[in-house]
Amino acid sequence: MRSHAQAVVIGGGLIGCSILYHLAKLGWTDVVLLERDELTSGSTWHAAANIHGLHDHTNISLLQHYTMGLYKELEAETGQGCGIFQPGSLYLAQTEAREHQLRLQEAKARRYGMNFHEVSRTEAEKLHPLVNFDGIRCIMFEPDGGNVDPSGVTHAYATGARQRGAEILRFTPVTGTEAQADGSWIVRTPKGDIRTQWVVNAAGLWAREVAAMAGLELPLIPTEHQYFVTEKIPEIANLGRRLPSVADRDGEYYLRQEGLGLLVGAYERDMRFWAEEGTPGDFGHELFPEDLERIEPNMMRAIDRVPAVGAAGIRRVINGPMIWSPDSSALFGPVPELRNYFCCNGIIPGFSQSGGLGKLAAEWMVEGEPTRDMFGWDLARFGHWAGKAFTKARVQDQYAHRFKIHFPNEERMAGRPVRTRPVYALQKEMGAVFGLNFGWEHPLWFAAEGEPLEETNGFTRQNWWKPVGREALMLRNSAGIIDISNFARYEIKGPGSEAWLNALLANRMPTKVGRSCLTPLIGKRGGVAGDFTVARLGEEDFMMIGSGMAERFHQRFFQSVPLPQGTTFRSVTDMTAGFNIAGPRSRELLQRLTNADLSTPNFSFMAARRITVAGIDVMALRVSFTGDLGWELHCTEGDQLALYQALLEAGRSVEAGPVGSRALMSLRIEKGYGSWSREYSPEYWPQESGLERLVRMDKGEFLNRGAYAAIADKPPRDRMVMLSIAAKEADATGGEPIFLGDGTPVGQVSSGAYGYSVGMSLAIGYIKNGSAKPGDRLNVAILGRPHEAILLDKPPFDPEGQRLRM
Ligand SMILES: Cc1cc2nc3c(=O)[nH]c(=O)nc-3n(C[C@H](O)[C@H](O)[C@H](O)COP(=O)(O)OP(=O)(O)OC[C@H]3O[C@@H](n4cnc5c(N)ncnc54)[C@H](O)[C@@H]3O)c2cc1C
């Protein structure tokens with residue numbers, strides 16, 4: 001057995017083989033895959049292996065689209081059959097919301113040149129004569145939908161990888177992974193050890209056990225999952241062609257042809273966990289006893305829709321395990337706390353996603369960053385707070401509602417609360433409706449007396465729309481107190497702190513004590529990997545504020561710049577809290593609580609210093625994310641409640657009160673400010689996001705300066721723009737495609753909201769550079785239907801920035 005490799009992939013299921021193949025394709029041929037048994041020995045072998053191209057998340061649609069095209073290429077390249085059937089997929093909408101979802105997906109498909117379009121009932125009946133389309137309000141057809149052979153596909157990846165020089169060792173279980181001081185790993189097996197630069201955990205059902213070998217806990221838990229296959233159905237036998245698959249998600253089952261019968265699978269409400277405490281090491285090609293009673297309600301709905309299912313006998317039932325993350329998306333990416341340890345686990349629709357995940361994983365390891373923004377799938381979206389109880393509760397909810405629509409802004413309650421701040425109980429008493437933000441319960445909005453405390457969900461404006469408007473207007477007219485404890489806060493201290501920050505971030509750090517700056521962090525490909533505010537509180541004392549949900553994501557970048565001797569960096573997010581007091585009367589409000597002079601000559605825009613507010617020491621920073629005059633106050637967590645009470649009390653005298661993060665979202669959009677993971681993403685260059693003026697090439701070296709230099713003089717590919725949309729019942733939320741008047745796709749929305757103080761439905765988005773100019777009329781596909789939009793030349797709220805400098 002070899003003793004060295006550039007990467008060792010652990011697990012020869014669908015995903016491990018795809019990663020191996022893509023690593024070799026990108027030129028890493030000194031790579032090896034270790035499989036404890038035969039290939040496909042986990043979830044892979046018994047999968048129904050349906051394939052779909054469309055997903056609510058645009059980048060995942062692109063990844064699935066790539067995967068579906070890859071299987072044919074793989075067959076041609078390797079000679080290994082993938083058992084591809086692509087008779088198409090029919091998507092059925094029984095409800096208005098489902099229709100909105102499908103129409104939006106259809107518009108997105110037009111934007112990305114994917115094949116997905118509406119068909120009439122007559123056409124659908126021709127395509128699938130066995131389906132009863134009664135009660136279906138909209139039908140979409142995806143001609144490339146279908147299924148593949150699980151074993152064929154896995155072996156095709158394996159063959160392709162071997163043909164490019166990669167090695168696969170079967171019956172070679174990994175028994176240990178040991179991190180070495182130089183960042184490499186020793187991977188132990190009974191047949192010998194391999195020293196490797198990268199370890200890839202693709203151990204599927206055993207991902208937790210393999211992670212534990214590296215001291216890592218992954219939020220994953222397996223469940224049972226069943227499908228059954230019917231006996232031969234004469235109508236199918238007589239048809240002489242293959243039937244399209246049926247995605248009747250409102251019916252909560254999937255259905256496709258298998259042989260000359262039908263295959264029906266279900267995600268039942270009465271779900272079952274399996275191997276909660278750990279996947280047995282000796283589990284192999286076993287299945288669980290069938291339990292069709294559990295999926296009977298789903299089966300009955302399938303029979304109503306396709307009566308032939310009920311008439312045919314059942315030939316085979318498959319009840320096998322699959323492993324889930326708390327939000328049913330993959331746990332993807334290098335583990336921030338370990339060096340060179342990559343995870344690709346918890347993949348539910350593996351056959352739709354294997355190619356894309358393999359490609360992006362290989363890009364991340366070989367090139368340092370994937371070509372697509374994977375933040376939503378990055379394992380760094382979960383922290384230590386995603387423990388066992390949380391994972392179990394969330395997975396139960398995800399499994400039992402697998403086909404439920406995930407609405408924009410929807411907050412699911414399962415497993416909460418996991419992390420609360422001292423103000424939580426008071427906020428609850430005040431009518432706060434909370435969202436989950438990197439584990440924290442965070443107020444989205446506050447219900448007034450008599451208003452419902454629970455949100456409704458949908459694509460259209462929901463019951464929170466008015467209360468959020470009330471808060472936004474209160475802030476614009478007077479002031480608002482916004483809890484920003486969910487921001488990430490870092491302390492950098494010591495003689496090398498300025499040098500370190502300058503080496504990490506793209507802007508020049510403030511040279512004067514008491515000043516702050518905004519700065520991007522540049523990614524490996526020159527895009528925007530983060531945006532931060534840095535305040536200089538002393539000669540050797542800095543505070544940095546960034547996105548809370550990206551804290552673990554950003555850790556990878558922080559670690560890559562060595563700290564000078566005597567300099568310390570620490571996250572203080574968990575032990576501190578913060579409020580943003582904003583609005584034209586925010587100074588008046590604050591001045592009631594502090595002797596510090598808050599007038600502009602003494603506390604100008606972007607100034608920062610430690611002051612006392614209501615007897616509490618805070619770091620006060622005059623910045624604005626609302627576009628209005630305002631301060632951020634950061635305090636210890638222990639002082640949070642007292643500070644909040646004092647602010648609320650003082651707020652009463654200026655007609656100000658609490659404001660939630662939904663209103664903040666609307667306010668920052670009115671002002672055209674970008675936000676992390678929406679406008680600011682590694683996929684966009686600074687000159688596309690309007691951040692180029694914050695990149696200081698003249699200050700010397702900084703992280704990924706070379707990558708930025710390589711693209712700095714290139715014209716923007718896309719441009720961030722603002723749109724005012726003629727929308728009445730629903731606002732854009734992000735992801736909606738943008739078209740020219742003639743239907744040519746030019747971009748997509750990154751964020752949207754109603755701008756209450758400007759009376760417009762607004763969106764920020766990216767469109768192809770040069771495709772439209774201010775004043776042009778475009779179309780945004782909200783609810784999948786064209787809505788006229790005007791390209792604005794400046795943000796509608798205070799474009800000159802007078803309010804924030806008041
Ligand atoms: C009943 C059922 C139906 C499904 N239907 C579909 C579908 O229609 N469409 C779809 O896209 N997906 C479907 N899936 C999901 C799909 O099967 C998974 O997404 C996919 O198989 C995951 O592959 P994987 O490589 O991540 O994991 P696995 O297949 O579990 O592979 C992990 C591999 O790692 C190996 N391994 C583990 N530990 C070690 C170790 N210590 N050393 C060496 N090797 C190790 C295992 O032996 C195994 O071969 C279905 C799943 C089930 C259960």
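Both counts, for ligands and for their atoms, begin at 1 and track the order of listing. The basis for the numbers below is simple: all heavy atoms, side chains too, and nothing from hydrogens, waters or symmetry mates.
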Within a distance under 4.0 Å of any heavy atom of [X], pick out the atoms of ligand 1 and give their elements.
X      : result
Ile347 : 18 (C), 19 (O)
Gly11  : 33 (C), 34 (O), 35 (C), 44 (N)
Ser352 : 11 (O)
Leu205 : 30 (O)

Does any N or O of ligand 1 fall below 3.5 Å from an N or O anywhere on [X], backbone included?
X      : answer
Arg36  : yes
Cys344 : no
Leu14  : yes

Does CD belonging to Glu235 count more than 12 external heavy atoms closer than 6.0 Å?
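Count over threshold, so yes.
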[atom] - nearest protein heavy atom and its distance:
atom                    : result
atom 26 (O) of ligand 1 : Ile15 CG1, 3.3 Å
atom 53 (C) of ligand 1 : His46 NE2, 3.0 Å
atom 49 (O) of ligand 1 : Glu35 OE1, 2.7 Å
atom 12 (N) of ligand 1 : Ile348 O, 3.2 Å

Heavy-atom contacts under 4.0 Å between [X] and ligand 1: side chain, backbone, both, or neither?
X      : value
Asn147 : neither
Ser354 : neither
Asp37  : neither

Not counting sequence neighbours, which residues clear ring-ring contact (aromatic ring centres under 6.0 Å, His included) with Phe553? List them please.
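Counting only residues at least two positions away or on another chain, Phe553 forms a ring-ring contact (aromatic ring centres under 6.0 Å, His included) with Phe375, Phe557, Trp676.
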Using ring centroids (six-membered ring only for Trp), state whether [Y] and [X] fall under 6.0 Å.
X      : Y      : result
Tyr91  : His52  : yes
Tyr267 : Phe403 : yes
Phe351 : Tyr71  : no

Nearest heavy atom to atom 9 (N) of ligand 1, choosing from Asn50, Val317, Val210, belongs to Asn50
Checking Arg36 against Trp206: charged group under 6.0 Å from the ring centre and within 45 degrees of the axis?
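Output yes; distance and angle both within limits.
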Name the atoms and distances for all side-chain donor-acceptor pairs under 3.5 Å in residues 222-229, with sequence neighbours left out.
residue : atom : partner : partner atom : Å
Thr223  : OG1  : Trp324  : NE1          : 2.9
Glu224  : OE1  : Arg294  : NH1          : 3.4
Glu224  : OE1  : Arg294  : NH2          : 3.3
Glu224  : OE1  : Asn319  : ND2          : 2.9
His225  : ND1  : Ala266  : O            : 3.3
His225  : ND1  : Tyr399  : OH           : 3.1
His225  : NE2  : Tyr254  : OH           : 2.7
Gln226  : OE1  : Asp291  : N            : 2.9
Gln226  : NE2  : Asp291  : O            : 2.9
Tyr227  : OH   : His46   : O            : 2.8

